[in-house]
Amino acid sequence: MKIQESSKLFDKWKSGVMADRDLIHVHALLGIFDHTSTKLRIKALRDLEKYAADVRDDEAIRFLHEVRQMFPQALVGRED
């Protein structure tokens with residue numbers, strides 16, 4: 001499955017309208033919830049990054065890099 005096919009956030013990124021308010025779409029992309037631990041949040045993003053690299057999807061790699069840069073708060077769990 002391609003990241004682009006399953007992500008509303010990707011569509012927003014592609015259109016140049018991704019914004020801070022889209023944090024909920026980051027959660028959906030990563031399959032995480034508010035109570036998900038930091039360790040699992042980071043693992044979810046790394047798994048997607050690894051997948052994109054394995055299939056040599058440069059567009060998905062750029063997208064995930066920008067998600068990581070724009071939404072650092074998405075990688076920090078509530079207990080941290």
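Predicted model, so just to flag it, every value in this text is computed and none were measured.
Heavy-atom contacts from other residues, nucleotides or ligands closer than 6.0 Å to CG of L23 number more than 12.
Below 30°, between 30° and 60°, or above 60°: for F10 and W13 the angle between ring planes is between 30° and 60°, a tilted geometry.
A continuous path of Ile, Leu, Val, Met, Phe, Trp and Tyr side chains, each step under 4.5 Å between heavy atoms, connects V55 with L29, placing both in one hydrophobic cluster.
D57 contributes atom CG, which lies 8.5 Å from atom CZ of R62 (distance to the nearest 0.5 angstrom). With values rounded to the nearest 0.5 angstrom, R41 atom CZ is found 5.5 Å from T36 atom OG1. To the nearest 0.5 Å, atom CZ of residue R68 and atom CZ of residue F63 are 12.5 Å apart. The CZ atom of R46 lies 12.5 Å from the CG atom of L48; values are rounded to the nearest 0.5 Å. Taking CZ of R56 as the reference point, atom CD1 of I61 lies at 10.0 Å (rounded to 0.5 Å).
Between I32 and L40, every side-chain heavy-atom pair lies at or beyond the 4.5 Å cut-off. Between M18 and F71 the shortest side-chain heavy-atom distance falls below 4.5 Å.
D54 meets the salt bridge (charged side-chain N to carboxylate O under 4.0 Å, His left out) test with K50; sequence neighbours excluded.
The two atoms that bring A52 and L64 nearest to each other are CB-CD1, 4.2 Å, heavy atoms only.
Ion pairing between D47 and K43 holds under the 4.0 Å rule for side-chain N and carboxylate O.
Under the salt bridge (charged side-chain N to carboxylate O under 4.0 Å, His left out) criterion, the residue pairs touching residues 15-31 are K12-D22, with sequence neighbours excluded.
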